[in-house]
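Below is one structure, written out as structure tokens; comments come after it.
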Amino acid sequence: MTSTASSMDLRKDQPPHEQQPAWHRRLRRFGHPGPDAGGDVRDRLVPPYTEPSGRLWATLGVPPGLAGRITRWSAWGGPLLVALLAGVLRFWNLGSPKAVIFDETYYAKDAWALVHRGFEVNWDKNANDLILSSGGNVPIPTDAAYVVHPPVGKYVIGLGELMFGFDPFGWRFMTALLGTLSVLLLCRIGRRLFRSTFLGCLAGALMAVDGLHFVMSRTSLLDGVLMFFVLAAFGCLLVDRDRAREKLAAALPVDADGRARPDAYAAETTRIGFRPWRLAAGVLLGLAIGTKWNGLYVTAAFCVMAVLWDVGSRRVAGARRPRLAVLKRDLGWAFLSTVPVAVVTYFASWTGWILSASDGTGGYYRDWATKDGRSSDWSWLFPDWWRSLWHYENQVYDFHVGLSSPHTYESNPWSWIVTGRPVSYFYESPAPGTDGCPADAGEKCAREVLAIGTPLLWWVACFALLYVLWRWFFRRDWRAGAIACGIAAGYAPWFLYQERTIFFFYAIVFLPFLCLAVAMLLGALVGPPGSSDTRRVAGATAAGVLTLLIAWNFIYFWPIYTGTAIPMDDWRARMWLDTWV
């Protein structure tokens with residue numbers, strides 16, 4: 001059910017075990033398999049997708065012809081069904097609570113101003129009540145506001161407002177849509193990564209029933225938008241990796257038995273050519289940076305990962321000096337198709353601000369270059385909009401690194417992986433008989449939207465993360481390395497800012513990679529191809545029970561994900577840790 005293909009160097013004429021490097025021999029005790037000289041190198045460059053065995057279809061009574069069609073359709077049919085489930089959950093009663101919850105007070109209004117004026121504005125203190133009571137029919141102020149996040153995510157939110165109105169459903173529509181699409185993306189990414197439709201759909205299903213992803217998909221915050229762009233960029237790089245390896249495989253010579261063998265000349269001289277998927281990744285990474293600046297860390301990590309993939313590809317193909325080959329053939333285009341493209345995309349996202357008036361009636365700081373910045377030594381070299389934007393970005397950077405004001409729901413990143421301190425987005429205590437509180441409740445009910453991951457999923461992910469790290473370091477499994485890179489890119493940078501005011505919901509960016517890690521762990525529980533029936537049955541039972549428990553855990557916490565009124569005792573029963581209150 002899961003593939004064991006990896007991108008290890010399996011070249012011809014490897015030394016026997018006793019002549020292998022000492023580090024190979026030392027790592028074997030931890031499971032490192034060492035080099036393997038057998039097989040067709042094309043299967044290692046482009047591993048085939050696994051399919052259910054014929055015995056499974058025969059046991060289920062499915063004719064061979066129908067089984068073949070189901071297998072073909074499942075490549076898209078399975079992910080679409082999982083995404084459909086995720087979409088139904090996320091769009092159900094999306095306009096509830098009919099309120100401006102948590103930071104929607106900033107982004108919903110900023111989005112409305114951006115799509116109408118091209119820059120954010122200062123709203124009156126009672127604007128939220130006016131918007132809700134009037135159905136969004138309120139005048140847009142003209143006074144520019146100082147904001148500390150780039151505009152892309154707010155444009156995305158504003159698109160939903162343009163389509164469905166300036167109300168809770170409108171400003172949550174696009175985050176719900178991107179949340180649903182991200183589940184579809186993860187299914188397809190997992191399928192390509194593991195070469196298994198089952199494991200891909202499992203990873204997507206796990207994210208579909210994660211509470212943090214669910215809540216963020218139903219709230220107009222920027223982090224869910226950022227997660228979507230990061231995941232989409234990862235998917236593009238994954239497709240690019242497969243396309244590049246296919247071209248290398250096609251360039252290798254074939255022996256008399258029809259098997260391709262590693263070839264140093266082909267591996268070191270073959271040009272991959274135009275790589276549109278890498279270009280698309282550059283655009284998506286630019287959109288990620290244009291949503292929140294922590295997309296910069298992801299961009300750097302993904303660029304390094306993509307280059308290492310190129311090195312591994314040429315090494316497997318037979319290159320004697322794969323790093324030099326990548327330096328000559330790949331690195332230049334790899335840089336040009338990602339970093340400059342991301343930079344251009346980022347600055348293009350500021351077009352509304354750039355085109356606004358520079359006479360003091362446009363965006364915040366838009367007139368800085370013509371007023372306070374006229375004495376700059378560089379004023380003759382750069383246009384006014386560039387210098388004004390540069391000054392604005394410097395002010396924003398100072399704000400971010402200096403933000404340390406205490407907040408009730410701030411948390412240290414060490415606690416994120418175990419959901420130590422979730423964030424309450426909305427809380428009310430309706431009296432019995434009102435707002436969904438049962439008339440016989442006896443006391444006030446609790447109605448809360450709590451941004452907390454499905455606890456069991458996150459706690460299993462702690463073990464899955466350890467498994468992924470072991471698999472990457474000792475087994476040299478590139479898939480585990482890719483997952484670890486995605487987690488590190490979204491998680492590790494926050495440890496540099498432990499004194500800063502930060503929140504658990506920032507973890508949404510690396511959540512898809514945690515779900516991939518759990519899927520990989522569950523696949524290992526099921527067992528590799530060739531395992532005995534007893535091993536498979538026991539492993540599948542354990543993995544299935546664990547998956548069902550995670551789904552039950554999501555259902556159990558459903559009321560505090562959706563703001564459903566429940567008796568106070570029921571709410572207390574769901575506060576498993578004191579830090580959740």
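The shortest non-hydrogen separation linking R90 to A176 is O-CB, 4.4 Å. For F194 against L516, the heavy-atom pair with the smallest separation is CZ-O, 3.5 Å.
Cation-pi contact between K109 and F166: absent, since separation from the ring centre below 6.0 Å together with deviation from the ring axis within 45° is not met. Cation-pi geometry between R241 and W478 is met: under 6.0 angstrom from the ring centre, within 45 degrees of the axis. For the pair R574 and Y556, the cation-pi test (distance below 6.0 Å, angle within 45°) is passed.
The residues R421 and E410 are annotated as not salt-bridged, no charged nitrogen and carboxylate oxygen being separated by less than 4.0 angstrom.
A donor-acceptor contact under 3.5 angstrom links the side chains of E448 and S424, judged on distance only. Side-chain contact of S182 with H213: a donor-acceptor pair under 3.5 Å is present, judged by distance alone. Looking only at atom types and distance, the side chain of W494 has no donor-acceptor partner in the side chain of N412 under 3.5 Å away. Remark: the W416 side chain and the S411 side chain contain an N/O donor-acceptor pair separated by less than 3.5 Å. Donor-acceptor pairing under 3.5 Å is lacking for the side chains of D367 and S388.
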I'd like to know whether W112 forms a ring pair (Phe, Tyr, Trp, His ring centres under 6.0 Å) with Y107, so could you lay out the CA-CA distance, the side-chain angles of the two residues, the decisive distance to 0.1 Å, and finally the verdict.
CA-CA 8 Å; W112 188 247; Y107 304 128; over 10 Å; no
